[in-house]
Amino acid sequence: MAVERRRLRVTGTVQGVGFRPFVYRLAVELGLAGSVANDSRGVTIEVEGPAEDLDELQRRLLAEAPPLARIATVDVAAMEPTGIRGGFTIVDSRAEGAPAVAVSVDVATCEECQAELVDPTDRRFGYPFVNCTNCGPRYTIILSIPYDRAATTMAVFPMCDDCRKEYEDPANRRFHAEPNACPVCGPHLSLLGPDGELRAERGGALAGAVAALDAGQVVGVKGLGGYHLAVDAAQPGAVAELRRRKARDDKPFALMVPDVPAATALCRLTPAAEEALTSPRRPIVLAPRLRSGTQPGLPGAEVDERVAPGLPELGLMLPYTPLHHLLMAQARRPLVMTSGNLSDEPIAHEDDDARQRLGPMVDVLLTHNRAIHIRCDDSVVRTREATTQMVRRSRGYAPEPIPLVRPARRQVLAVGAELKNTVSVAKGHNVIASHHIGDLEHLAAYRSFLQAVEHLCGLTGVVPEVVAHDLHPEYLSTKFAVDGDLPTFGVQHHHAHIASCLVEHAREAPVLGVAFDGLGMGTDGTVWGGEFLVADLDSFERVGHLRTVPLAGGNMAIREPWRMALAWTHAALGREAAERYGRATDERWPTVLAMIERPDTILTSSAGRLFDAVAALCGLRDRVTYEAQAAIQLEAACARLATSDAPGWDVDVDRVGGLTVLDASPLVTRVVAERDRGAPVPEIAAGFHDGLGRGVADTAVALAAEHGLDTVALSGGVFQNARLTEVVARRVAEAGLRVLVHRLLPPNDGAISVGQAAIAARAG
Ligand code: ZN
Ligand code: ZN
Ligand code: FE
């Protein structure tokens, strides 16, 4: 039988996922000679043996790859056989060439490691840093590539003999598990007081933290991508105290629950929700809350109302690090686990910084000496009947590449928007989006943004040839791009929204894009946010929009929805009705009304602000303490009502200067009339949602027909609203068109950098 030698270059997510040990075992089983190595592009295999066995190796490489591996390409080259039958080896990493490799995401503790954690005879019994090639920290501990222990924050822990043996034994689950550790050689826990004084170590630290939780105290916990603040979710005093110390009024807190039964005692979980909850990515899952007391006697069925004030959903997650498993096994009830920061600042992840910033907020700090190199917040998904929608794509998802249909013509750095910022790079056939960075209004967040840019470029080896940015000149991300030395490429905000949706659906042909969000800089001197675009990845044309109203007071209009209610009342019903509303609402109304009537006040077509206005008109909220709070409460108000075609909830459609204008005034008029006659708020909220949804769908269908398009794409933060999305998507589909909605990426500004990167990668 002919002996051949081949070189296989494998690209994709193949480092840090147990790929080399897998290749080793396969080659040994097939009796092949050669070697496998990580390199800067992925994994290179050189292998020699009978042609049939080589074919078999290639087949099984794809069929049996480890669960976390994602093979993108395998290039095979024939080589001269050497005749050497010296077995198969794993060779050291080489740092040659420009890195193009995808680094693995952080992965929740696997079942085998969980079993060791609770086995009294195992040498890692109760050890909070157990991991293997199938689980553990990756993205958050890697300093540079190739991925090797020396290039992680584990480099400072030399392995003991036992760990080293596992690491070097090809038959072992920890063969080349870079963060491998045990109680003898690895990191350990410490419990610190608020001033950083050491209170206990190892098992004593864990026990001390659990005792503090029992006593209703605030405990800082160092996690995978940053610190959490934890309290017992059932103790009202503890939850209230956490809100006070964090300076966070109403924004909901996430909960960590011990297991699935504890989750189902709190929320109604669809199969999709349960799948997301238990997946190795372990996001926070938003699910409808069961009314308290419906399942008496179940442990953990009660959580304090202040965990998620006024909302019908709770955010739940399961333990995802060994430390969480140990903590939850002792606490045995839901814990609030919210990011360790003062309201709106980035999550703390560096130890000195955490001691400084969190010290004043905590009673004790449960920490350890394995450094987190890059912060990574928990991801958030919202589940509907059969589907899962991303709300925040971060830990467990970043930096997984998103494929491009056409390869990038140049290497791009895209710096995203202002709120919910992420950054992305495009290179070759991929866009790679960073973790969630947050709102760039604070210096601390901007610093975190700079770190993310450096980390992402370093891990992907991208040397940007162009920096893509938003058109808004005041965004710190825009300023970063414009003030830098590289060529820049401005991308209109709503074009980026639609583009991000096209990327995840691998869509090349133009679509009718509906981009509904808060605010984004337009190209005509108004602030956009309710847009109908004919768009592909190369260009866009605005063909319609929501009727504009004055944005009275810039950022104040976001924080105080009553201002938008005043503007919409004025637009729909005139001055007298606006005066009446103003008098009943806020003493500053004459100033705001004057602003509304001034011709130079900036106009906005924002759909998000329309929702704010209607929420305020319904009496739900005149002021918000976090972005989109009023709109979220408006959706929540009608969560229990089925959608309907109730008559009289209609929009007007006009044609102004060649553009289709969807006028929501009739809806606003009806809202005011229903309020005046004392109709229940849930019915008003439902009528508004369904009426607007029908108007949006009909407008999209008409515009698609006019421009010869067969597909409608929905993007922008307003499409986090499940009811609106459902009404629009169903009606567009009923008209025979295809509907694209987000699945992999959030519809909100977290996806903007992906859209920017994809657009800029095509140009030039
Ligand atoms: Zn494991
Ligand atoms: Zn060890
Ligand atoms: Fe947006």
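Counting starts at 1 for both ligands and their atoms, following the listed order.
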**Q.** Whether H494 has an N, O or S atom under 2.8 Å from the Fe ion (ligand 3)
**A.**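 Coordinating: no.
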Q: Would you give the angle at the Zn ion (ligand 2) between C185 atom SG and C160 atom SG, to the nearest 10°?
A: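 Taking the Zn ion (ligand 2) as the apex, I get 120° for this pair.
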(Q) Nearest N/O/S atom of D749 with respect to the Fe ion (ligand 3), by atom name, please. (A)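 Looking only at N, O and S atoms of D749, the one nearest the Fe ion (ligand 3) is named OD1.
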Q. Should the ring pair H497 and H494 be called parallel, tilted or perpendicular, given that the plane angle runs from 0 to 90° and is split at 30 and 60?
A.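 Geometry flag for H494 against H497: tilted rings.
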Q. Aromatic rings H472 and Y475: how do their planes relate, parallel, tilted or perpendicular, breaks at 30° and 60°?
A.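 Rings of H472 and Y475: parallel, under 30°.
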Q) Salt bridge between R25 and E64, side-chain N to carboxylate O under 4.0 Å? A)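 E64 and R25: not salt-bridged.
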**Q.** Note: E178-R20 ion pair, threshold 4.0 Å (strictly below)
**A.**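 Between R20 and E178 there is a salt bridge, with a charged N closer than 4.0 Å to a carboxylate O.
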(Q) Using the rule ring pair (Phe, Tyr, Trp, His ring centres under 6.0 Å), only one of Y24, Y167, F19 pairs with F175; which is it? (A)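 Exactly one candidate clears the test, Y24.
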Q. If you stand at the Zn ion (ligand 1) and look out to SG of C135 and SG of C110, what angle do those two lines make, to 10°?
A.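 It is 110°, given to the nearest 10°.
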Q: Taking the Fe ion (ligand 3) as the vertex, measure the angle between atom NE2 in H493 and atom OD2 in D517; round to 10°.
A: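 Seen from the Fe ion (ligand 3), NE2 and OD2 are separated by roughly 90°.
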